[in-house]
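Written out below as structure tokens is the structure these notes cover.
This chain uses plain numbering: 1 for the first residue, then up along the sequence.
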Amino acid sequence: MTTHPIIRPARPEDCDAIADSVRRLAADTASPTVPRISGATLKAEAFRPHPHVHLWVADAGDRLAGILIGVRTLSTWRDAAGLYVCDLWVDGSYRGARLGEKLLAEAARAAPALGLGFMKLEVAAQNVDAMRFYRRLGFRALESDTLWVLERAAFERLGS
């Protein structure tokens with residue numbers, strides 16, 4: 001670790017590096033899926049009027065040391081909009097520097113101005129270190145909920 005990263009909202013010129021960081025996250029977690037997100041998609045979604053995608057980075061000067069990608073969501077049960085954290089990643093050489101916590105805290109600080117009242121995320125069942133990290137910050141697992149996904153082919157069939 002050569003520099004203390006600065007936590008800040010992402011800028012359009014960060015989007016390619018953010019997309020690369022998502023691929024590094026997949027590699028770090030040995031995901032069988034290769035993320036297809038592009039910098040162009042991130043830029044289009046996060047830097048349009050009234051964006052639903054929000055991006056924060058840990059800027060180490062010459063590279064990104066961490067990222068947080070969040071998507072605006074709505075909970076009818078909470079009667080509130082919230083931030084769904086899609087991706088939170090910290091470069092291995094910065095682990096232990098609390099960058100993940102700092103990225104989440106920056107998103108939480110920005111939440112009132114964005115009209116957001118809660119945060120939620122998913123953790124892979126085998127990622128016990130991440131679960132321990134999120135519990136320490138006050139997140140709680142909703143054992144009553146199970147995530148279900150309708151992938152593209154089935155989604156298209158449903159709509160046809």
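- Shown here is Arg8, whose CZ atom has more than 12 heavy atoms of other residues, nucleotides or ligands within 6.0 Å.
- Note that CD1 of Ile69 and CG of Leu25 are 8.5 Å apart. Values are rounded to the nearest 0.5 Å.
- Here the NE2-OH distance, from His4 to Tyr94, works out to 9.0 Å after rounding to the nearest 0.5 Å.
- Pairing each heavy atom of Ala65 with each of Pro5, the nearest pair is CB-CG, 3.8 Å.
- The environment of Phe47 atom CZ is dense: over 12 non-hydrogen atoms of other residues, nucleotides or ligands sit within 6.0 angstrom.
- Within a 6.0 Å radius of CG in Asp145, more than 12 heavy atoms belonging to other residues, nucleotides or ligands are found.
- A donor-acceptor pair under 3.5 Å links the side-chain atoms of Arg72 to the main chain of Leu114, judged by distance alone.
- Side-chain contact between Val85 and Glu122 is absent, with no heavy-atom pair separated by less than 4.5 Å.
- Put simply, Met131 and Val90 are part of the same group of oily side chains (I, L, V, M, F, W, Y) that touch within less than 4.5 Å, one to the next.
- With values rounded to the nearest 0.5 angstrom, Trp56 atom CH2 is found 9.5 Å from Leu103 atom CG.
- Taken to the nearest 0.5 Å, the CG atom of Leu99 stands 9.5 Å off from the CG atom of Leu88.
- Ile67 and Ile37 fall within the same hydrophobic cluster, defined by Ile, Leu, Val, Met, Phe, Trp and Tyr side-chain heavy atoms under 4.5 Å apart, directly or through other members.
- Checking side-chain atoms of Arg23 against main-chain N and O of Arg36 turns up no donor-acceptor pair under 3.5 Å.
- The ring pair (Phe, Tyr, Trp, His ring centres under 6.0 Å) contacts involving residues 116-147 comprise Tyr134-Phe139, where partners must be two or more places apart or lie in separate chains.
- Criterion: ILVMFWY side-chain heavy atoms under 4.5 Å apart, direct or through other members. Under it, Met119 and Ile7 are part of a common hydrophobic cluster.
- The two residues His54 and His52 have their closest heavy-atom pair at CD2-O, 3.9 Å.
- Atom CG of Leu42 is separated from atom OG of Ser21 by 10.0 Å, given to the nearest 0.5 angstrom.
- The pair Asp14-Lys43 does not count as a salt bridge, with every side-chain nitrogen at least 4.0 angstrom from each carboxylate oxygen.
- If you chain together hydrophobic residues whose side chains sit under 4.5 Å apart, Val53 and Val57 fall into the same group.
- Of all non-hydrogen atoms in Glu45 and Pro51, the two that sit nearest each other are O-CB, 3.4 Å.
- Between the OG1 atom in Thr73 and the CG atom in Leu116 there is a gap of 10.0 Å [rounded to 0.5 Å].
- At most 12 non-hydrogen atoms from other residues, nucleotides or ligands lie less than 6.0 angstrom from CZ of Arg152.
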Under the side-chain hydrogen bond (donor to acceptor under 3.5 Å, both in side chains) rule, what do Thr29 and Arg24 come out as? Steps first, then yes or no, please.
CA-CA 9 Å; Thr29 58; Arg24 291 182 67 189; over 6 Å; no
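- Counting non-hydrogen atoms of neighbouring residues, nucleotides and ligands closer than 6.0 angstrom, the CG atom of Leu74 exceeds 12 such neighbours.
- When all heavy atoms of Ala107 and Leu68 are compared, the closest pair comes out as CB-CD1, 4.3 Å.
- Counting heavy atoms from C-beta outward, Leu104 and Glu101 have side chains that stay 4.5 Å or more apart.
- Under the 4.5 Å side-chain heavy-atom criterion for ILVMFWY residues, a single connected hydrophobic cluster contains both Leu55 and Val71.
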